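What you see is a predicted model, and the numbers here were worked out from it, not measured in a lab. Numbering of ligands and ligand atoms starts at 1, following listing order.
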Amino acid sequence: MVCLGNICRSPTAEGVLRTIAAREFPGLAVEVDSAGTANYHVGEPPDRRTVAAARRRGYDIASLRARQVRAADFAEFDYLLAMDRANLAEIEQLAPERSAAQIGLFLDFAPACGSDVVPDPYYAGHEEFERVVDLCEAGARGLLLALAAGEKKVRAP
Ligand code: 4NP
């Protein structure tokens, strides 16, 4: 899961995915991580507004720590999924030529959720942080359903 700072959207997506996978898809072996394209907040916990919004919905993400996307991610992970188009452009540019990782938008997996991106809430209000959780739940369920159905490909962004 990839966003800009790895303190709002992608840690929410990570926590939501891990929780829903364990609860609703116990037979599916998935490993989830998140990172940011920028290094502004490396080593920091998620933004307190993000932690609070996630906690209100039953997701504990307080122990996560921000890191930046690294070259090894393209070999270690099957999917690198961006929260918005700027994040997507960044990881497309960082991808090694022979990377087998599928790169796309997280919400490609939730075509009916009403948004194709998870908007950056950093300079926004309370409601936008709630919306991040809504969108991450939709993306997580869509992605996990696709994985459970054996789909391998990310839809073209
Ligand atoms: P994120 O949100 O990409 O969802 O983690 C942001 C976090 C920090 C900044 C921007 C967006 N920032 O400019 O520091």
Side-chain angles (χ1 to χ4, degrees), residues 1-22 30-96 99 101-144 146-147 154-157:
M1 302 295 115
V2 179
C3 64
L4 175 62
N6 193 210
I7 56 167
C8 296
R9 294 166 291 174
S10 61
T12 303
E14 177 185 347
V16 168
L17 259 168
R18 194 170 285 132
T19 300
I20 294 180
V30 286
E31 194 175 318
V32 190
D33 200 2
S34 67
T37 58
N39 65 0
Y40 317 138
H41 298 281
V42 167
E44 294 178 20
D47 185 285
R48 62 186 165 71
R49 298 165 295 176
T50 296
V51 172
R55 183 170 292 142
R56 280 193 290 274
R57 301 278 286 273
Y59 307 103
D60 180 4
I61 61 168
S63 65
L64 300 181
R65 294 295 178 267
R67 72 168 178 89
Q68 193 170 20
V69 176
R70 51 187 173 236
D73 289 331
F74 294 88
E76 281 175 26
F77 293 94
D78 297 316
Y79 296 90
L80 276 83
L81 299 176
M83 297 297 126
D84 68 29
R85 291 185 196 289
N87 313 145
L88 178 62
E90 288 273 350
I91 55 177
E92 280 175 339
Q93 210 160 27
L94 284 171
S99 167
Q102 298 288 315
I103 295 170
L105 285 170
F106 181 42
L107 293 185
D108 283 348
F109 288 92
C113 78
S115 182
D116 54 359
V117 297
V118 184
D120 182 351
Y122 194 66
Y123 294 106
H126 170 84
E127 277 178 21
E128 282 78 4
F129 282 86
E130 299 293 331
R131 176 125 173 94
V132 168
V133 185
D134 291 339
L135 292 172
C136 285
E137 285 183 336
R141 287 210 166 83
L143 174 59
L144 291 165
L147 293 175
V154 178
R155 293 187 312 121

inquiry  = For a quick check: using heavy atoms under 4.0 Å, what are the residues in contact with ligand 1, sorted by chain and number?
reply    = C3, L4, G5, N6, I7, C8, R9, Y40, H41, D120, Y122, Y123
key: The single option from R49, R55, R56 passing salt bridge (Lys or Arg N to Asp or Glu O under 4.0 Å) against E130   = R56
inquiry  = Using only atom types and a distance under 3.5 Å, with no angle test, would you say the side chain of D47 pairs donor to acceptor with the backbone of I7?
reply    = no
key: Rounded distance [0.5 Å steps], CG in L4 versus CD in Q68   = 10.0 Å
inquiry  = To the nearest 0.5 Å, what is the distance between SG on C8 and CD1 on I61?
reply    = 8.5 Å
NZ or CZ of R18 within 45° of Y59 ring axis and under 6.0 Å = no
query = For residues S34 and E14, is any side-chain donor paired with an opposing acceptor at under 3.5 Å?
reply = yes
